[in-house]
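A, B, ... follow the sequence lines: proteins, then strands. Residue 1 opens every chain.
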2 protein chains.
Amino acid sequence: MDITPTPTAPNDLLKLENQLCFPFYAVSRQLTKAYQPYLLALGLTYPQYLVFLLLWEHEQLTVKDLGEKLLLDSGTLTPLLKRMEQKQWLSRRRDPRDERSVIIGLLPAGRALEAQASHIPAAMLARVHLTLPELAALRTQLTHMLTHLA
Amino acid sequence: MDITPTPTAPNDLLKLENQLCFPFYAVSRQLTKAYQPYLLALGLTYPQYLVFLLLWEHEQLTVKDLGEKLLLDSGTLTPLLKRMEQKQWLSRRRDPRDERSVIIGLLPAGRALEAQASHIPAAMLARVHLTLPELAALRTQLTHMLTHLA
DNA sequence: GCCGAATTAATTGTACACAATCAAACCTTA
DNA sequence: TAAGGTTTGATTGTGTACAATTAATTCGGC
């Protein structure tokens, strides 16, 4: 007796289909692509859209704030924000009280995009074919994973 | 009566915390970072690791095959595969029976990496703090989402 | 008030991602 | 078999991502 059960052979763990990571990697990219048609109409990219989500709510944030909330560093944010600045969507200026910080402020042209973007979340929700309980459970699980990974 | 319930105000849908997409985007990047220490030891990147997962299983695949399985196009794969070719991990040659196709073949140095990578999946599994049922349910849901998005 | 440590952005360099275009090879069918 | 359309990779250009380094500023302790 005591035959080893081996539900999965040892190197099955190295098959793509059994990876934990790949579905996240793939879904993330496919989701971004699904946003494309909506975002293209506003002339912005997906990470830029994320920056706007924060600015539409907070009006003014430092680069550090944005980095902490989006989990992005200055090497990504600085050029991205400069491109958005060139389009007059936001302003970049040093904090007079702490010259190390750069304050990102929403400009009128950026605020104007909010109305145009207001229909995007509902459209995307319909796009993913998830029930509301599924969605809620998923978001809970993902944010839980995030805290463990960070 | 008939007071509008408004469980969520209209523009709450535009808050980052209520987005469906962001958790996927963030978890995907944090997961990739979690792989980093293991992959760095082998000198490869995360997308290169994905290519290896397929080559370790199939030994030989066309660029088209890789693109279909990884959901990546030639603009991403061609330079990535050229870098892997320079490290003698794989070979790139035209299919003699169809000169449009490029066949990617695993070389000994690439095969040798398989043993060194064999412990990675288990290590990552421990890293994410998920029960096996949670993991299975998650993978099912994500692959289901993938089919809907593609 | 001064010095060393810490904080914050910016810069540099490498590696994806992907849209758009191009070019070669193949296939179809008249 | 020749023309037109399709398939397949490669190329180009833009925009992230991120590690590592640098530079300016601030803070804390003495």
Engineer: Give the intermediate values and the outcome of side chain to side chain contact (heavy atoms under 4.5 Å, CB included) for residues A:Trp89 and A:Gln48.
Structural biologist: CA-CA 10 Å; A:Trp89 286 336; A:Gln48 289 171 8; 3.8 Å; yes

Engineer: Does B:Tyr25 have a side-chain nitrogen or oxygen under 4.0 Å from the phosphate oxygens OP1 or OP2 of D:dT16?
Structural biologist: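 False: B:Tyr25 side-chain N/O out of range (4.0 Å or more) of D:dT16 OP1/OP2.
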
Engineer: Specify the separation, in whole Å, of atom CG of A:Leu66 and atom P of C:dT8.
Structural biologist: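 Nearest whole value for this atom pair: 14 Å.
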
Engineer: In residues 27-53 of chain B, which residues come under 4.0 Å of DNA chain D by heavy atom?
Structural biologist: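 Listed by number, they are B:Arg29, B:Lys33.
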
Engineer: Given atom CG of B:Leu80 and atom C1' of C:dA17, what is their separation to the nearest angstrom?
Structural biologist: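 The distance from CG of B:Leu80 to C1' of C:dA17 comes to 11 Å, rounded to the nearest Å.
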
Engineer: Taking the six-membered ring for Trp and the single ring otherwise, decide whether the centroids of B:Tyr38 and B:Tyr49 are under 6.0 Å apart.
Structural biologist: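 No.
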
Engineer: Could you state the interatomic distance from CG (A:Leu142) to CD (B:Gln30), rounded to the nearest 0.5 Å?
Structural biologist: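 With rounding to 0.5 Å, CG (A:Leu142) is 12.5 Å from CD (B:Gln30).
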
Engineer: Looking at residues at least two apart in the chain, or sitting in another chain, which of them share a side-chain hydrogen bond (donor to acceptor under 3.5 Å, both in side chains) with A:Glu99?
Structural biologist: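 For A:Glu99, no residue satisfies side-chain hydrogen bond (donor to acceptor under 3.5 Å, both in side chains) once neighbours in sequence are set aside.
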
Engineer: Could you give the distance from CZ (A:Arg83) to CG (A:Leu44), rounded to the nearest 0.5 Å?
Structural biologist: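 CG of A:Leu44 is found 12.5 Å from CZ of A:Arg83.
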
Engineer: What's touching nucleotides 8-12 of chain D from the protein side, N or O pairs under 3.5 Å?
Structural biologist:
| from | atom 1 | to | atom 2 | distance (Å) |
| --- | --- | --- | --- | --- |
| D:dT8 | OP2 | B:Lys64 | NZ | 2.8 |
| D:dG9 | OP1 | B:Val63 | N | 3.4 |
| D:dG9 | OP1 | B:Lys64 | N | 3.1 |
| D:dG9 | OP2 | B:Lys64 | N | 3.0 |
| D:dA10 | OP1 | B:Arg92 | NH1 | 3.2 |
| D:dA10 | OP2 | B:Thr78 | OG1 | 2.7 |
| D:dA10 | N7 | B:Ser74 | OG | 2.8 |
| D:dT11 | OP2 | B:Lys82 | NZ | 2.7 |

Engineer: Is the backbone N or O of B:Lys15 less than 3.5 Å from a side-chain atom of A:Trp56, with the two atoms forming a donor-acceptor pair by type?
Structural biologist: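 Absent.
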
Engineer: I need the CD-P distance between A:Glu99 and D:dC27, as an integer number of Å.
Structural biologist: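 To the nearest whole Å, that distance equals 12 Å.
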
Engineer: In terms of relative ring orientation, are A:Tyr35 and A:Tyr46 parallel, tilted or perpendicular, with 30° and 60° separating the classes?
Structural biologist: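 Correct class here is tilted.
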
Engineer: CG of B:Leu16 to CG of A:Leu54: how many Å apart, nearest 0.5 Å?
Structural biologist: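 Going from CG on B:Leu16 over to CG on A:Leu54, the span is 5.0 Å.
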
Engineer: To the nearest Å, how far apart are B:Asp73 CG and C:dA19 C1'?
Structural biologist: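 So the two atoms are 8 Å apart, to the nearest Å.
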
